[in-house]
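Since the structure is predicted, the reported quantities are computational estimates derived from the model, not experimental observations.
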Amino acid sequence: MAGGMADEKLPKRSEDFSEWYNQLVLKAQLADYAPVRGCMIVRPYGWALWENIQQALDQRFKATGHQNVAFPLLIPRSFIDKEKHHVEGFSPELAVVTIGGGEELAEPLVIRPTSETIIGHMWSKWIQSYRDLPVLMNQWNSVVRWELRTKLFLRTLEFYWQEGHTAHATREEAEFETRQMLDTYTDFAVNDAAIPVIPGRKSDSEKFAGADTTYSLEAMMGDRKALQFCTSHFLGQNFSQAFEVRYLDQNGELQHCWTTSWGLSTRVIGAIIMVHGDDQGLVLPPKLAPYQAVIVPIFKTDEEKTAVLDTARKLKAELAKANIRVTLDERDGQSPGWKFNDWEMRGVPLRVELGPKDVAKQAAVLARRDRPGKEGKVSVPIADLAATVERLLEEIQQALHDKALAFRKSNTHDAKTYEDLKRAVENGFAFSFWCGSAECEAKIKEETRATMRCIPLEQPGGSGACVSCGQLATERAIFGRAY
RNA sequence: CGGGGUGUAGCGCAGCCUGGUAGCGCGCCUGCCUUGGGCGCAGGAGGCCCCCGGUUCAAAUCCGGGCGCCCCGACCA
């Protein structure tokens, strides 16, 4: 049920992946449907997860010299029209405000679908000299794009994200920035989200409206479909020309800036769910989990209750002191078994079971979320608890990543012929030589429903026949069905 | 926008064909009992039957119109 506890079993992930996902989001209390079609309410548990994601990224952004800013939600309609590709790309999905204070507005305002235009407008005022560069900004906000088909976290009309925007004196600097931020995202994906990703370049048809080059990280979900984890765009001088963002260089000559933008959204929560989750529910990577450990007390009599809770509270304090995010489930009226299932639904990496038997021998049972059933349980002396929890959290973090990587590898196929490709995308990714033509790309999309996800930056080298037209190709691309 | 479905308690649904006291499961509240993998018993609260109109002594039910939502297609960082 939408608002209640984890009171029922999920559909089997292997039988109905889509419905498994929908119910998991509701039952783990990550989010709920809003009264407006296609909009999402992020609940406390989901937002806590997002806050950890924000923190992990924000630290990295600051470490590379970026500063946070806040630009307005409303943008003059005319701004969107200034960059040719941008307007073509975004017009169909804009939400437009035409009335304010009961009066028809002289100029309609769009609710930002992204902020390149308004930022460009302001930069043209702020940037005058090469001494003002580079400008390195980021903002955490929400944007609106009027999508037709929506799904919680993966595609909603309004979504939360960060958008980084930078301006540079030279093409090289801007290109470096674009790639540096892609590397930053990769580091976050692999080490924090435990999601293996493929960094690559997008085709012309898939790139951001207004970009010269779009890079993305592509990941394989549990149903073998692809999900774009984030993007980083080299915008060339497209926006600086549209908005007259210029500076005087050392020689006193007026130059247009080179700009970039890069973003990552709450969609990554969807990725975490679809990569790590299982039939029991959510499985969270320890680095991002709101609670890394939950203590479930077990008792019958009042004396037992006193002794168990007393010890449980001490354990909680001890774990918290070791900087482990821990909670103690003191809820009355729910059986331990119920609580086990509830916290498994919510993906807590480690459960600490503490009952009278454990207190008697000064031990506690640790159960790993990534290893269901008895195999994942060990009894640990209380004296070693904090150290063991720390070690296990690291092990789980690594195990989640390794499992996801093995899954992706075993479902990625070197497809040499068109027949190979057709078969491969039925069940994963095809990694194939591609001549780079839009015709071949469109034909593959039309006939297999798979799209060109990216041209991986890391190439095995050599050359071969294009999987579609047979002409000599020097690069291999990832094809797959995508979200 | 096209095709299909659906709207009744917080959630999931039955009732509608054949008009006559609005029901079931889960959840919620109270009490007792239980608690090492989704305890049990008893009592209780909760309704604009999507909206507007029509037919009728009488409409959740029949008729007409509207609206919302879901799925499929088209579209889509």
Gap in Å between the two [atom1] atoms, one belonging to [N] and one to [M], rounded:
| N | M | atom1 | value |
| --- | --- | --- | --- |
| B:C67 | B:C52 | P | 15 Å |
| B:G47 | B:C51 | P | 15 Å |
| B:U61 | B:U8 | P | 14 Å |
| B:C28 | B:G65 | P | 43 Å |

Exercise for the section: Would you kindly compare A:Y33 and A:W161 by the position of their nearest RNA chain B nucleotide and give the one closer to the 5′ end? Expected result: A:Y33
Problem - Residue met sooner reading RNA chain B from 5', once A:T150 and A:Q280 are mapped to nucleotides - result: A:Q280
Sugar-phosphate only, base, or nothing, as touched by [X] at under 4.0 Å among non-hydrogen atoms:
| X | value |
| --- | --- |
| A:P356 | base |
| A:K357 | base |
| A:V296 | nothing |
| A:E353 | base |

Practice task
Output the single nucleotide from B:C39, B:G36, B:U35 whose closest atom is nearest the side chain of A:D358.
Solution key: B:G36
Practice task
Among B:G36, B:C76, B:C75, find the nucleotide with the atom closest to the side chain of A:L148.
Solution key: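 Of B:G36, B:C76, B:C75, B:C75 is nearest to the side chain of A:L148.
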Problem - NZ (A:K403) with more than 12 external heavy atoms under 6.0 Å - result: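 Atom NZ in A:K403 is not crowded, with 12 or fewer foreign heavy atoms closer than 6.0 Å.
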Exercise for the section: Please check if atom NZ in A:K443 has more than 12 non-hydrogen atoms from other residues, nucleotides or ligands closer than 6.0 Å. Expected result: yes
Exercise for the section: Please confirm whether the backbone N or O of A:A56 pairs with a side-chain atom of A:R60, one donor and one acceptor, at under 3.5 Å? Expected result: yes
Should [N] form a Watson-Crick or G-U wobble pair with both distances under 3.5 Å, which nucleotide is its partner?
| N | answer |
| --- | --- |
| B:A42 | B:U30 |
| B:G2 | B:C72 |
| B:G36 | none |
| B:C67 | B:G7 |
| B:G20 | B:C57 |

When the aromatic ring centroids of [X] and [Y] are compared, is their separation below 6.0 Å?
| X | Y | result |
| --- | --- | --- |
| A:F239 | A:H86 | yes |
| A:W338 | A:F340 | no |
| A:H121 | A:F243 | no |

Exercise for the section: Record whether the side chain of A:K377 comes under 3.5 Å of the base of B:G37 through a donor-acceptor pair of N or O atoms. Expected result: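 Yes, a donor-acceptor pair under 3.5 Å.
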Handout entry: Donor-acceptor pair under 3.5 Å, A:R351 side chain vs B:G37 base
Key =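 Indeed, a donor on one side and an acceptor on the other fall under 3.5 Å apart.
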Problem - Aromatic ring pairing A:W262/A:H66, orientation class (parallel under 30°, perpendicular over 60°, tilted between) - result: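 A:W262 vs A:H66 ring planes: perpendicular.
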Fill in the blank from the handout: Residues in residues 264-274 of chain A with a heavy atom under 4.0 Å of RNA chain B, by number, are A:S265, A:R267
Practice task
Please determine if a side-chain N or O atom of A:R149 lies less than 4.0 Å away from the OP1 or OP2 oxygen of B:C70.
Solution key: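 No.
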